[in-house]
Amino acid sequence: MDLRSVYISHTNCVTPLGFDVESNVHALEKGMSGISRQDNPALMDAPFYSGAIDDEKLNAAFVAISNGNSYTRLEKMMLLALYPVVQKAGIELTDKTAFILSTTKGNITALQHNEAVPEEAYLQGLAQNISGFFGFTSQPIVVSNACVSGILAVSVAKRMIQTGVYDHTFIVSGDEVSKFVLAGFNSFQAMSDEPCRPYSANRKGVTLGEAAAAALVTVDSNDASAKITGDGSINDANHISGPSRTGEGLVRSIESALKEAKVSADAIQYISAHGTATPFNDEMEAIAFNRTGLNEVPVNSFKGYYGHTLGASGLLETVMGLETMKHNRVYTSLGYDEPGVSQPINVIRENKDTQVDYFLKTASGFGGCNTAVVFQKIKNDR
Amino acid sequence: MTGKQYISGYCSIENNTVKLNGQEIFNVPDAAFAEFAKQLYRDMETDYPKFFKMDNLSKLSFLAAELLLKDGDNENTALLFANASSSLDTDVKFNDSISDKDNYFPSPAVFVYTLPNICLGEISIKHKLYTENSFFIFDTFNPEFFANYAAVLLNTDKAAKVLCGWVEFLNDEYRAFVYLVSVNGTIEHTPQNIQTLYLS
Amino acid sequence: MEALKQELKEKIITILNLEDIQPADINDNDALFGDGLGLDSIDALELIVMLDKDYGIKLSDPKEGRAIFQSIETMAAYITENRTK
């Protein structure tokens with residue numbers, strides 16, 4: 001069947017480094033990290049590091065777009081992220097316009113011990129609160145696929161538009177740092193006691209973070225920054241929490257994305273990888289990039305700036321990857337010092353001007369999931 | 001692939017009853033889900049001890065998938081699953097385990113199941129499916145979306161077959177409806193037919 | 001020590017959901033991981049929680065677990081030495 005070209009245009013993000021793309025790029029340029037030490041017994045007994053969004057700043061920013069006070073903290077983050085994207089797009093919200101929300105834990109903080117599950121704790125409840133704000137007419141599509149959710153949402157949007165089911169898709173992705181996820185990652189002994197150091201020999205594990213990101217994926221190339229040329233989302237079939245030792249699912253996801261994009265590994269000029277800074281994840285990615293001939297491509301993990309923002313990470317890092325491509329400037333993989341993976345990869349050590357016309361975004365997560373998406377720069381004078 | 005697509009098999013598990021292609025094949029009256037699931041697992045003569053480590057949602061999904069995949073050629077069979085309550089059944093259990101400060105022992109084996117897509121990992125591991133997989137959340141069973149997205153996977157050559165599943169589990173209420181979409185079969189792959197089978 | 005070993009076998013079977021295994025099937029020196037009982041990385045983390053919860057032993061480095069969880073014998077010896085409850 002004839003497949004349509006699909007583009008990504010307006011983007012936005014709400015992170016500890018700023019509530020718009022510009023301020024986030026500025027922070028990357030300056031090497032600022034959103035990760036800080038938290039002493040918050042309501043979340044965890046012992047102090048910990050995380051990328052936390054300040055409540056006062058969030059509420060102050062939110063007042064500018066709404067006087068509604070029934071929204072949860074995560075909903076405010078998501079609404080703030082999506083608001084300018086919807087405004088700038090100016091698209092009529094018909095049934096050809098989809099709304100995708102991706103998250104891993106949504107409003108998990110709404111769960112109360114010994115009480116019935118409240119409506120907003122259901123992911124569709126969350127999605128409908130966001131959808132209602134903007135007046136989307138199609139039923140929200142919620143993607144909840146562990147840590148690939150944010151980038152998988154882009155892939156799902158692209159595929160549905162490619163085949164003509166929709167013309168436009170607004171995506172919002174978000175997750176919060178909560179007592180729930182802190183306890184879980186801690187029980188996995190996966191938390192770093194300092195800001196995370198992806199790919200470093202000195203890495204000690206994950207730093208969690210919170211963020212929301214938004215984008216418009218569309219059939220319309222006007223205003224677009226990139227074409228989404230290929231994608232794959234293939235399982236490791238190995239273990240539900242440990243990544244594959246051979247990187248099989250990630251390798252196959254990348255191969256599927258490159259094949260569809262009709263480019264070889266040589267064409268890729270930059271990779272925004274997952275880089276959680278756990279020993280096994282980073283090692284698995286290094287193996288996969290070597291197996292796919294991508295070992296010399298400049299690669300970074302944005303986790304050193306934001307921490308692991310779970311279901312938001314894939315989209316947030318795509319947004320920053322698109323900025324990388326737009327400015328032809330790659331950013332330091334913050335926290336990296338000496339090589340800590342068994343196979344060589346080209347981790348970015350300093351901000352640098354370099355031509356980027358094709359970029360690859362990858363992510364991997366619990367359940368053995370992996371996603372890879374290829375973006376191609378398009379020249380737009382508008 | 002752009003030819004016609006068919007539903008080549010379907011099954012449901014609810015009220016302690018299993019139906020395969022419309023025929024009741026297994027039933028355990030008056031048993032809790034854990035006991036029912038164990039008996040069904042034994043009945044299928046599957047040897048997979050990790051089954052007993054799974055949470056309810058994964059057990060339900062695993063068993064339903066097993067019914068359709070166990071003797072088949074599952075080459076490039078994608079998994080497309082969805083439900084209404086995500087992993088809330090296990091989320092509530094994990095949340096309860098961290099709400100008492102004096103008895104605070106969060107379990108990693110419970111936490112790992114606080115993601116709905118873990119059941120896709122379990123099915124992929126069992127059947128060695130290095131394939132596309134994705135988990136979605138809807139209010140109610142959404143035949144339009146399932147039909148559209150399964151067709152997308154087939155029409156873009158991302159998969160040769162798609163195992164679709166609605167797998168819902170919350171507070172002992174459960175329902176699985178799983179079906180296989182491929183180029184073979186007699187039931188045409190349309191939202192109407194999917195809905196009819198779901199309600200049957 | 002014998003009582004503790006029996007207790008550990010029962011606990012491991014219950015906590016790790018080893019449905020088809022009886023305490024008598026586990027020998028004191030059998031390997032728990034790898035080819036032995038076939039336990040995996042999540043099981044190891046779960047045993048760390050059990051040490052904390054039931055015996056008041058905190059392991060901060062999961063690598064320590066590898067030696068301790070070799071067999072029922074090594075676990076029982078370590079618990080006897082280090083238990084605080």
Side-chain angles (χ1 to χ4, degrees), chain A residues 44-49 104 146-147 179-194 196-197 200-208 235-249 276-285 287 340 342 364-369, chain C residues 7-21 26 30-72 74-79 81-85:
Chain A
M44 199 158 85
D45 269 352
F48 59 98
Y49 282 89
T104 60
C147 300
K179 185 177 167 186
F180 189 103
V181 293
L182 284 164
F185 275 85
N186 213 25
S187 78
F188 262 84
Q189 312 246 354
M191 299 260 290
S192 176
D193 60 2
E194 59 171 12
C196 65
R197 298 176 166 278
S200 159
N202 303 308
R203 67 186 185 276
K204 293 181 176 172
V206 173
T207 299
L208 291 171
N235 200 282
D236 280 336
N238 176 62
H239 191 266
I240 54 169
S241 65
S244 157
R245 299 289 174 111
T246 61
E248 191 62 29
T276 58
T278 66
F280 290 128
N281 172 80
D282 293 8
E283 175 68 12
M284 180 279 286
E285 289 183 87
I287 290 167
S342 70
S364 304
F366 275 2
C369 53
Chain C
E7 176 182 305
L8 283 174
K9 290 176 190 176
E10 285 165 12
K11 274 190 181 170
I12 287 175
I13 287 169
T14 311
I15 293 171
L16 305 182
N17 296 301
L18 305 179
E19 178 71 20
D20 295 323
I21 293 172
I26 309 174
D30 281 355
L32 296 177
F33 289 81
D35 290 340
L37 276 184
L39 305 187
D40 72 1
S41 53
I42 302 179
D43 295 320
L45 293 166
E46 206 58 41
L47 292 180
I48 291 175
V49 176
M50 181 196 81
L51 283 190
D52 185 8
K53 190 175 181 176
D54 296 347
Y55 303 102
I57 301 172
K58 283 197 193 299
L59 291 192
S60 51
D61 182 359
K63 287 190 196 117
E64 282 179 85
R66 218 171 285 167
I68 300 164
F69 301 140
Q70 246 170 25
S71 64
I72 292 293
T74 56
M75 273 182 87
Y78 186 83
I79 290 169
E81 189 86 355
N82 295 284
R83 66 191 302 169
T84 62
K85 67 179 176 191

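Just so it is clear, the values below take in all heavy atoms, side chains as well, and ignore hydrogens, waters and symmetry mates. Just so we're on the same page: letters track the sequence lines, and every chain starts at 1.
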Student: If you draw a 6.0 Å radius around CZ in C:R83, do more than 12 non-hydrogen atoms from other residues or ligands fall strictly inside?
Tutor: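 Yes, CZ of C:R83 has more than 12 neighbouring heavy atoms, counting only those of other groups under 6.0 Å.
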Student: Applying side-chain hydrogen bond (donor to acceptor under 3.5 Å, both in side chains), name anything that partners A:N281, two or more places apart in sequence or on another chain.
Tutor: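 Expected list: A:T276, A:E285.
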Student: Looking at C:K63, I want to see if its NZ is surrounded by more than 12 non-hydrogen atoms of other residues, nucleotides or ligands under 6.0 Å.
Tutor: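 Check fails, neighbour count at 12 or below.
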Student: Which residues satisfy the side-chain hydrogen bond (donor to acceptor under 3.5 Å, both in side chains) test with C:Q70, sequence neighbours excluded?
Tutor: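 None.
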Student: Name, in order of residue number, those residues of residues 182-189 of chain A that have a heavy atom at a distance of less than 4.5 Å from a heavy atom in chain C; otherwise write 'none'.
Tutor: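 The list, in residue order, reads A:S187, A:F188, A:Q189.
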Student: Strictly less than 4.5 Å between heavy atoms, which residues of residues 9-21 of chain C line up against chain A? Please order them by number.
Tutor: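 Result: none.
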Student: Does atom OH of C:Y55 have more than 12 heavy-atom neighbours, drawn from other residues, nucleotides or ligands, at distances under 6.0 Å?
Tutor: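 Yes, the 6.0 Å shell around OH holds more than 12 heavy atoms from other groups.
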Student: Is chain A contacted by the side chain of C:I48, its backbone, both, or neither, given a heavy-atom distance below 4.5 Å?
Tutor: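 For C:I48, the contact with chain A is made by the side chain alone.
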